[in-house]
Amino acid sequence: MERNVIAKKSIFTGDVTSEGDFRIDGTLEGTLKTKGRVIIGAEGVIIGNVHAENADIEGKFSGELLVANVLSIKSTANISGDVVVGKLSIEPGASFNATCAMKGALKELNNTNETKKRKDQTA
């Protein structure tokens, strides 16, 4: 897979869809969807929505973050908004001011609710 880069001091506004990995060292305002990994460098900023397989964040993110597998948040990261992940890793020192849901926990919760509804219906 190819790696796409938004370089330092670059500002990109709009929606981006990619099959490959994405590294942000500048600013992206909009939506980024990729089947690869999103890396936000120490000086990188994303304001908007991100849908990715994996993500490593050192910089700033604000918005909705959906990561199918692993979200790794480094000590220099600043995250706010809504986060849905498969697995989460946060280094001490990171700023994480977001609502967070883990996909495995959501599946368990949904299955429990469905089982309860079925029992209520049959009783």
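Here the structure is a predicted model, which is why all the values come from computation and not from measurement.
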Test: salt bridge (Lys or Arg N to Asp or Glu O under 4.0 Å). Region: residues 58-79. Which pairs qualify, not counting sequence neighbours? none

Which distance, rounded to the nearest 0.5 Å, do you find between the CD1 of Ile90 and the OG of Ser75? 12.0 Å

Search all heavy atoms of Leu28 against all heavy atoms of Gly14 and return the closest pair with its distance. CD1-O, 4.2 Å

Smallest separation among heavy atoms of His51 and Leu66, with atom names: CE1-CD1, 3.0 Å

State whether the side chain of Thr34 and the backbone N or O of Ser18 hold a donor-acceptor pair below 3.5 Å, judged by distance alone. yes

Nearest 0.5 Å please: distance from the OG atom of Ser72 over to the CZ atom of Arg37. 8.0 Å

Report the C-alpha distance between Leu65 and Ile57 in whole Å, list the side-chain angles of each, state the deciding distance to 0.1 Å, and finish with yes or no for side-chain contact (heavy atoms from CB on, under 4.5 Å). CA-CA 11 Å; Leu65 180 60; Ile57 301 178; 3.8 Å; yes

Separation of Ile73 CD1 from Asp56 CG (nearest 0.5 Å): 10.0 Å

With a cut-off of 3.5 Å and sequence neighbours excluded, list every side-chain donor-acceptor pair involving residues 39-49.
none

May I ask you to test the Val38-Asp21 pair for a side-chain heavy-atom distance under 4.5 Å? no

Output, in order, the C-alpha distance, side-chain angles, deciding distance and verdict of side-chain contact (heavy atoms from CB on, under 4.5 Å) for Val85 and Val70. CA-CA 7 Å; Val85 298; Val70 179; over 6 Å; no

Pair Glu19-Lys35, salt bridge (Lys or Arg N to Asp or Glu O under 4.0 Å): steps then yes or no: CA-CA 5 Å; Glu19 294 284 323; Lys35 293 181 181 176; 3.7 Å; yes

Please walk me through it: do Leu71 and Ser89 pass side-chain contact (heavy atoms from CB on, under 4.5 Å)? CA-CA 6 Å; Leu71 170 60; Ser89 170; over 6 Å; no

Closest non-hydrogen atoms of Ala98 and Val83, given as atom of the first, atom of the second and distance, are CB-CG2, 3.9 Å

Could you grab the distance from atom NZ of Lys87 to atom CE of Met102, nearest 0.5 Å is fine? 8.5 Å

Any non-hydrogen side-chain atom of Leu88 less than 4.5 Å from a side-chain atom of Cys100? yes

How long is the span from the CG atom in Asn69 to the CD atom in Glu53, to the nearest 0.5 Å? 5.0 Å

So Val50 and Phe61, side-chain contact (heavy atoms from CB on, under 4.5 Å) or not? Walk me through it. CA-CA 9 Å; Val50 171; Phe61 176 85; 3.6 Å; yes

Which distance, rounded to the nearest 0.5 Å, do you find between the OG1 of Thr27 and the CD1 of Ile11? 5.5 Å

Taking atom types as modelled, find out whether Ser80 and Asn97 have a side-chain donor-acceptor pair closer than 3.5 angstrom. no

